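Reading through the C-alpha cells given below for one structure.
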2 protein chains.
Amino acid sequence: MDKPPTIADVAKLAGVHKATASRALNQRTSGQVNAATARRVLQAAKRLNYQPNAVARSLSTNRSATVGVLIPDLTNPLFPLIVRGIEDALGPSGYTALLANTDNDPDRAEARFDTLLSRRVDGFLIATARREDPLVVRAHEQGIPVVLVNRSTDDPLFPVVTGDDAAGVAAAVGYLTGLGHERLAHLSGPPAMSTGVVRARAFRQSAPAGSPVVDCDAYSDDAGAAAARRLLDEHPGVTAILAGNDMIALGALQVLRERGLRCPEDVSLIGFNDMRFVDQLVPPLTTVHVPHHRLGAEAARLLLDQLDRPGEPAKTVSLPLHLVVRGSTAAPR
Amino acid sequence: MDKPPTIADVAKLAGVHKATASRALNQRTSGQVNAATARRVLQAAKRLNYQPNAVARSLSTNRSATVGVLIPDLTNPLFPLIVRGIEDALGPSGYTALLANTDNDPDRAEARFDTLLSRRVDGFLIATARREDPLVVRAHEQGIPVVLVNRSTDDPLFPVVTGDDAAGVAAAVGYLTGLGHERLAHLSGPPAMSTGVVRARAFRQSAPAGSPVVDCDAYSDDAGAAAARRLLDEHPGVTAILAGNDMIALGALQVLRERGLRCPEDVSLIGFNDMRFVDQLVPPLTTVHVPHHRLGAEAARLLLDQLDRPGEPAKTVSLPLHLVVRGSTAAPR
DNA sequence: CTGAAAGCGCTTACAG
DNA sequence: CTGAAAGCGCTTACAG
C-alpha cells in the first residue's frame with residue numbers, strides 16, 4: 001500500500017548518489033561504474049524490490065518505449081494475429097504496444113492517433129492504411145517513425161510489410177485453370193484499399209481475358225453476398241470464384257446456397273487469408289494463406305530498426321503466400 | 001519535426017504564467033481562472049496545436065490514465081470482444097488499456113504484471129484468474145485496484161464480472177430434457193478455472209442424477225476431442241452432450257464424425273459462449289450466448305468507479321445468458 | 001569512477 | 001484570479 005521505492009531509496013541503501021545508482025541499474029551505462037559499487041546497488045534494488053518508474057524515465061529520456069498500433073477492429077480475426085506478432089517481436093526489446101481501433105473511420109483514426117501522440121509513443125505501426133491516407137501523409141510530414149503493415153498506400157512514404165498478393169492470386173488462378181475452369185470471376189476487395197486493387201490487378205493479369213470482376217464495398221460477408229448476387233445475375237455461367245478475402249467468400253458461399261448452387265460441384269470458391277475456422281466450414285474453404293503473425297512481427301522489427309538507427313535506409317518486405325487446397329474447389333463438370 | 005509545443009509555449013503566447021495555462025486547460029480547474037484569460041489560453045493552445053504531454057502529467061499527478069488488461073491470448077476469439085468492451089467503456093474517460101497476453105502461464109503473467117506496474121497503470125482488469133491465483137492475491141496485498149472479468153477466484157478478493165453460468169447451464173439442460181433426452185453428459189472445462197467448476201456443478205444439479213461428467217485439460221478442441229473419446233468409450237449410450245465451451249464442442253463434433261455418429265440425429269451437442277463463426281458450422285451450433293463485449297464494458301466501468309472513489313463498496317456483477325438454439329440439437333430418436 | 005546540478009513538462013499547494 | 005516555487009522520479013552532460 002505504501003509508495004513503491006524510488007531510485008533515491010536504492011541509492012541511500014547502497015550508500016551512493018542516485019546518479020550512480022541510475023548508472024549501475026542501466027545496462028547501457030553499468031560499465032561506467034565500479035563493479036563492486038554496481039553490485040551493492042543491484043543488491044539494494046533487489047532487497048527493496050525496486051522497479052524503475054517507466055513514466056519518469058520516459059519524461060527524462062524523451063522516449064516512452066511504447067509504439068502505437070492502429071488497426072481497423074480487433075474483432076476481425078486477422079488482426080489479433082497481427083497484433084500478437086507485433087507484441088511478440090516488441091517484447092524482447094522492452095517495448096509495449098498501445099492499441100487503437102479505428103473502425104475504418106478516418107476521423108476516429110485521427111483522434112486515436114492524436115491521443116497516442118499525446119502519450120508520446122515512439123512510433124506507429126499502421127494496419128489501417130487506405131491507398132490515399134491523410135493520416136499517413138500527416139505522420140510523414142511530422143517525421144514520425146512509421147511502418148505500414150498488411151495494407152499499403154499508393155505513395156510509398158514508409159516501409160511496408162505485406163503479403164505477396166500478386167503471387168497468391170496467380171497461384172489461386174493457376175490452380176483453378178489447371179483444374180479446367182475457363183469461366184472465372186473475382187469478387188474484389190474495396191478499391192480504396194491496396195489489397196483490393198493489387199489482388200484485382202493480379203486477377204486480371206492471370207485469368208482469361210474478360211473474366212468478370214465485381215467490387216465489394218467492404219471486406220465483409222454482407223458486401224461479399226451483395227457482390228456475388230450481382231455477379232451471378234450478370235454471369236450465370238461462372239464456374240469458379242476467387243474472393244477478395246475469406247469474409248467475402250463467406251458471403252458468396254451463402255449466396256450459392258440461396259441459389260441452389262452446390263460448392264464445389266457447381267461453383268468452386270477460393271478465399272484469401274486463411275482466417276481461423278474457415279477449415280471447419282462445409283465445405284472447408286480453399287484459400288490463400290497469409291502469415292499474419294509474421295506480418296506483424298516483421299513490421300515490428302522494421303520499426304524497431306528505425307527507432308534504433310534513425311535515418312537508416314528503410315526496407316520493404318513482401319512475404320510469400322501459399323494456396324491451401326481444401327474442399328471448396330473441384331474440376332468443373 | 002521540431003519538438004511539440006509545451007505548456008510554457010502556450011503560456012507565453014497567451015501572456016500568462018504556465019500555472020495559469022495549466023488551470024485553464026484542465027476541465028477540473030478551469031473554473032479557477034478568469035473567463036477571458038481562459039479563452040486566450042485556449043486560443044493560444046489551438047494556434048500552436050498544443051497537445052498536453054501525458055507522460056509529464058502522469059509523473060506529476062501520479063496517475064497514468066492507463067489500466068493493465070491481462071488476458072490469456074488475444075488469438076482466442078472470446079477475448080477481442082472483451083477487450084473491445086473494455087476499450088469502448090474506458091475511452092470516454094480518457095483511459096487507455098495496456099494489453100498483456102499471459103498464454104495461461106503463471107510466470108509470464110507475473111512478468112507482464114510487473115512491467116505494467118512499472119508503467120504505473122492505475123489498475124488492472126484481469127481475465128486470466130485461476131481459482132487459486134497467486135497473482136490476484138499479490139495484487140490484493142499491494143492494494144492495487146482490480147476487477148476480475150470472465151473468470152473468478154474462489155476467494156472473492158475483488159469485484160467480479162461474469163456471466164450467470166449456472167443459469168446458462170440450467171437453460172441448456174432444461175432444453176435438452178424438454179426435447180426428451182435422458183442420457184446427458186457434460187464435457188467440463190478445466191477444474192482450475194471457475195468457469196469449469198461452476199458449469200460442472202450446475203450440470204450436476206440440473207441433469208438426471210448420475211449423468212457423466214468428463215474433465216477437459218483445457219478449453220481447446222484437442223482437449224475436447226480427448227474428453228469426448230473417453231466419454232463415448234465409457235458411456236456409448238449418451239444422446240446429448242453439453243460442452244464446457246464452444247472450443248470443446250468443436251473437438252466433440254470432430255469425434256462424433258470420427259465415430260460415424262450424426263449430430264444432431266444420433267447425438268445432440270450444445271456449446272458455451274456463442275463465439276464467432278459457430279453459427280456457420282455444419283450443423284450450426286446450439287450454444288449458450290455470453291455477452292463478452294458487455295462483460296468487458298461492465299468490468300471497465302467497475303474499475304473506473306474504484307478509481308474515481310477509492311474505498312467505495314465494490315459491486316459484483318453477473319450478466320444474464322441465454323440459449324441460442326440452432327441445428328446441433330434435436331429430440332432423441 | 002562518482003557526485004552535484006539541471007532538466008524533462010506538467011500540476012498544485014501556498015501566497016498574495 | 002494569478003504567479004512563484006517546489007516537486008513528481010528519473011537521466012545525463014559536466015566537473016572533479
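Convention: sequence-line order gives letters A, B, ...; per-chain numbering from 1. Because the structure is predicted, anything quoted here is derived from the model rather than measured.
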Practice item. Fill in the dot-bracket string of DNA chain C, one character per base: . for unpaired, | for a pair to another strand, ( ) or [ ] for pairs within the strand, taking Watson-Crick or G-U pairs under 3.5 Å. Key: |||.||||||||.|||
Exercise for review: Could you state the atom-to-atom distance from CG of A:Asn62 to P of C:dA6 in whole Å?
Suggested key: 21 Å
Exercise for review: Whole angstrom is fine here: how far is it from NE2 in A:His17 over to P in D:dT12?
Suggested key: 15 Å
Point to revise | Gap between atoms CZ and C1', on B:Arg23 and C:dG9 respectively (whole Å) | key: 16 Å
Check your understanding: On DNA chain C, nearest-nucleotide positions of A:Ala38 versus B:Tyr50: which is more 5'?
Key -> A:Ala38
Point to revise | Distance in angstrom units between B:Asn26 CG and C:dT12 C1', rounded | key: 11 Å
Revision key, fill the gap. Ranking D:dG9, C:dG9, C:dT11 by distance to the side chain of B:Arg57, first place goes to C:dT11
Practice item. Nearest whole angstrom, please: distance from the P of D:dC10 to the CZ of A:Arg120. Key: 21 Å
Review point. Reckon A:Asn53 touches a base, only the sugar-phosphate, or nothing at all at heavy-atom distances under 4.0 Å?
Key: sugar-phosphate
Exercise for review: Scan A:Thr37 against the nucleic acid and name what it touches under 4.0 Å (heavy atoms): base, sugar-phosphate only, or nothing.
Suggested key: sugar-phosphate
**Study point:** Sugar-phosphate only, base, or nothing, as touched by A:Arg63 at under 4.0 Å among non-hydrogen atoms
**Key:** nothing
Point to revise | Out of D:dT2, C:dC1, C:dG9, whichever nucleotide has its closest atom nearest the side chain of A:Asn34 | key: C:dC1
Review point. Which part of the nucleic acid does B:Val16 contact within heavy-atom distance under 4.0 Å: base, sugar-phosphate only, or nothing?
Key: sugar-phosphate
Check your understanding: Which listed nucleotide (C:dG3, D:dT11, C:dT11) is nearest to the side chain of A:Thr20?
Key -> C:dG3
Check your understanding: How about B:Arg138: does its CZ atom have over 12 heavy atoms from other parts shown lying under 6.0 Å from it?
Key -> yes
